[in-house]
Amino acid sequence: MRAFNCAVVAMLIAVVFFQAAAAESAAGPPMGWNSWDAYGLTIDEAQFKANATVLAGLKSLGWRYAVIDEGWYMADPSGAKLADRHYQLDEHGLLIPDRRRFPSMREGEGFKALANWTHAQGLLFGIHIVRGIPKEAVEKNLPLGLGGFTARDAADVGETCPWDDGNFGVKDTAAGQAYYDLMLKQYADWGLDYIKVDCISDHPYRGSEIRQIADAIGKTGRRIVLSLSPGPTQLAHAAEVSRYAQMWRTSDDVWDGWTFPHPKPGSEFPMGVGDAFARLALWAPYVRSGHWPDADMLPFGVLAPSPGWGRARQSRLTHDEERSQFLLWCIPRSPLVLGGNLTRLDEFTRALVSNAELIALDQSSLGSRPLSNLPPGMEKLTVWVSRLPAPEGSRQVIAIFNRDNEPATVHAAWTQLGMDTPKHTAHDLFGGKLQAASEGIEVRIPPHGAVAYQVE
């Protein structure tokens, strides 16, 4: 019976996803895979296709965006200096794929062939850029081909990215808008469905460039999800980012640990899973259809051959931490973006990210919020509650996280966990077991572990 129910849930997710995609960009939180956590700057076409092929096997559950992260335009991504990386540009100063790494690229067509291949797998195609205009284009003063402007007209040479030296900023002028219009028209012609723009939503925040890019996307007539990075996007900018983007990062990069030391004052890089609780609680009121606070990627499985941070490795998250992170991303409805090497996907992770009931929580739950008044003895626990739509009304979901380094035993009445009435049955969303009607829950949760119940 449970297998049948999961199959029905999976089918409903697929139907809802396709209907939503036709009606609105990112009507539900986008789900997919991004190359950064496993390949860093180095991914090539064969590696992308190998991972996308695995992702296509999960598309019925909603996993559909296949995204090439930073570096696809570099002939030598290992170069320590900008001049050594050899950015590939067209005659207007726009980035184009490196032909040796992406051999399907045809002159003037960029990623069009690869996007077509991705669409043929039933997936959607995405890329990463760092906002701005390449320094080489400005140095050569290349013509933009729109409005008679040149690269120097568009460039804000005093506004560079502090951690990426490839680009100048773009002026908030007609010339700057012309540059982004030209860029997004080209990407739309390639068949782009998703663009992740970096160094724009924090350190520094570039509201004018967010608006310019969103306006340029609108002019293409193509539905393209706009993802803003990195975080932490400040709450003061919530109204602006939700107006222009479909997703924006709530934190700096999240990597494979519960917590990490931050030796630099004011820095929160890297972020751990345990650091995300407070940030997700702050952004919960801003979640709405088509606009999603983004908790960052899921660094699950094998982070190799060339991860964006650190050495090649198996994710250092324990199975309990991996389950906690997936649930913690699902219940506040964050986008779900896998980061590991899918060609080496282990069975535990495959089963976790195939959990149709947790995915349904991410895609369709209502009113998700953390509880603020917990019973005594639960100080090191976090409890989130939500509702799943159902034909007869809604079903309550309760998620309990143990943030502590020691096991925790939870003994609480349902009324202490946000329920209005005292007696309920509970269906375990991880293990599938059904607990008979009772007035509460008693469960032992491992360190950094979590449980989740559908309560009726």
Side-chain angles (χ1 to χ4, degrees), residues 18 20-27 30 32 64-69 72-73 89-97 102 105-120 123-134 137 142-149 151 153-154 167 169-198 200-201 206-229 240-248 289-292 335:
F18 284 112
E24 179 183 5
S25 294
R64 295 197 63 218
Y65 287 94
V67 181
I68 298 174
D69 209 274
W72 47 269
Y73 40 83
L89 307 178
D90 70 6
E91 68 273 20
H92 299 302
L94 298 176
L95 297 170
I96 57 175
F102 297 94
M105 192 196 93
R106 299 186 184 92
E107 192 67 35
E109 294 189 354
F111 273 134
K112 188 172 185 177
L114 189 55
N116 287 342
W117 178 89
T118 305
H119 295 153
L123 301 174
L124 298 169
F125 181 68
I127 59 173
H128 168 289
I129 64 167
V130 177
R131 55 92 179 158
I133 185 168
L142 296 176
L144 300 186
L146 286 176
F149 297 117
D153 295 327
N167 294 354
V170 169
K171 293 176 181 175
D172 188 11
T173 62
Q177 187 64 58
Y179 176 73
Y180 277 128
D181 288 350
L182 185 70
M183 176 194 291
L184 270 301
K185 181 182 184 303
Q186 175 162 285
Y187 293 164
D189 290 345
W190 291 354
L192 194 72
D193 305 295
Y194 178 112
I195 185 167
K196 176 183 173 183
V197 184
D198 222 329
I200 198 166
S201 60
R206 292 286 289 174
S208 62
E209 292 192 66
I210 292 171
R211 173 180 46 76
Q212 288 172 307
I213 293 169
D215 288 349
I217 289 173
K219 292 173 186 176
T220 70
R222 183 176 179 84
R223 290 190 177 90
I224 299 174
V225 168
L226 175 56
S227 169
L228 306 178
S229 187
E240 187 169 36
V241 294
S242 64
R243 178 181 177 185
Y244 292 115
Q246 285 70 56
M247 47 192 284
W248 56 90
S289 179
H291 307 278
W292 309 103

How close do [X] and [Y] get, heavy atom to heavy atom, and via which atoms?
X	Y	value
Ile127	Val67	N-CG1, 4.0 Å
Ser201	Ser229	OG-C, 3.2 Å
Leu146	Ala178	CD1-O, 3.5 Å
Gly191	His119	O-CE1, 3.1 Å
Ala154	Leu144	CB-CD1, 4.1 Å
Trp72	Asp69	CD1-O, 3.3 Å

Applying the side chain to side chain contact (heavy atoms under 4.5 Å, CB included) criterion to Tyr187, which one of Thr220, Leu182, Leu192 satisfies it? Leu192
Taking only residues two or more places apart in sequence or in another chain, which ones pass side chain to side chain contact (heavy atoms under 4.5 Å, CB included) with [X]?
X	value
Asn167	Tyr87, Val130, Pro134
Ala216	Gln177, Tyr180, Asp181, Leu184
Arg243	none
Asp90	His92, Leu94, Ile96, Gln186

Just list the side-chain donor-acceptor pairs under 3.5 Å for residues 108-116, sequence neighbours left out, or say none.
residue	atom	partner	partner atom	Å
Asn116	ND2	Lys112	O	3.4

Would Gln212 and Tyr244 count as a side chain to side chain contact (heavy atoms under 4.5 Å, CB included) here? Give the steps. CA-CA 9 Å; Gln212 288 172 307; Tyr244 292 115; over 6 Å; no
State the [atom1]-[atom2] distance between [X] and [Y], to the nearest 0.5 angstrom.
X	Y	atom1	atom2	value
Leu142	Tyr179	CG	OH	10.0 Å
Leu95	Tyr73	CG	OH	6.0 Å
Asp189	Arg222	CG	CZ	9.5 Å

Look only at the side chain of [X] and the backbone of [Y], and say whether a donor-acceptor pair between them is shorter than 3.5 Å.
X	Y	answer
His291	Ser242	yes
Arg206	Val170	yes
Arg223	Asp193	no
Gln246	Ala26	no
Asp198	Ile129	no

Might you work through the side chain to side chain contact (heavy atoms under 4.5 Å, CB included) test for Ile200 and Ile213, ending with a clear yes or no? CA-CA 11 Å; Ile200 198 166; Ile213 293 169; 3.8 Å; yes
Which residues pass the side-chain hydrogen bond (donor to acceptor under 3.5 Å, both in side chains) test with [X], sequence neighbours left out?
X	answer
Thr118	none
Glu240	Tyr205
Lys171	none
Asp172	Arg211

Set of residues satisfying ring pair (Phe, Tyr, Trp, His ring centres under 6.0 Å) with respect to Trp292, sequence neighbours excluded: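 Result, ring pair (Phe, Tyr, Trp, His ring centres under 6.0 Å) vs Trp292: none returned.
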Could you tell me if the side chain of Ile224 sits less than 4.5 Å from the side chain of Leu226, heavy atoms only?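 Side chain of Leu226 against side chain of Ile224, heavy atoms only: no contact under 4.5 Å found.
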Show your reasoning for whether salt bridge (charged side-chain N to carboxylate O under 4.0 Å, His left out) applies to Lys219 and Asp215. CA-CA 6 Å; Lys219 292 173 186 176; Asp215 288 349; over 6 Å; no
Give the C-alpha distance, both sets of side-chain angles, the deciding distance and a yes or no for side chain to side chain contact (heavy atoms under 4.5 Å, CB included) between Leu124 and Tyr194. CA-CA 8 Å; Leu124 298 169; Tyr194 178 112; over 6 Å; no
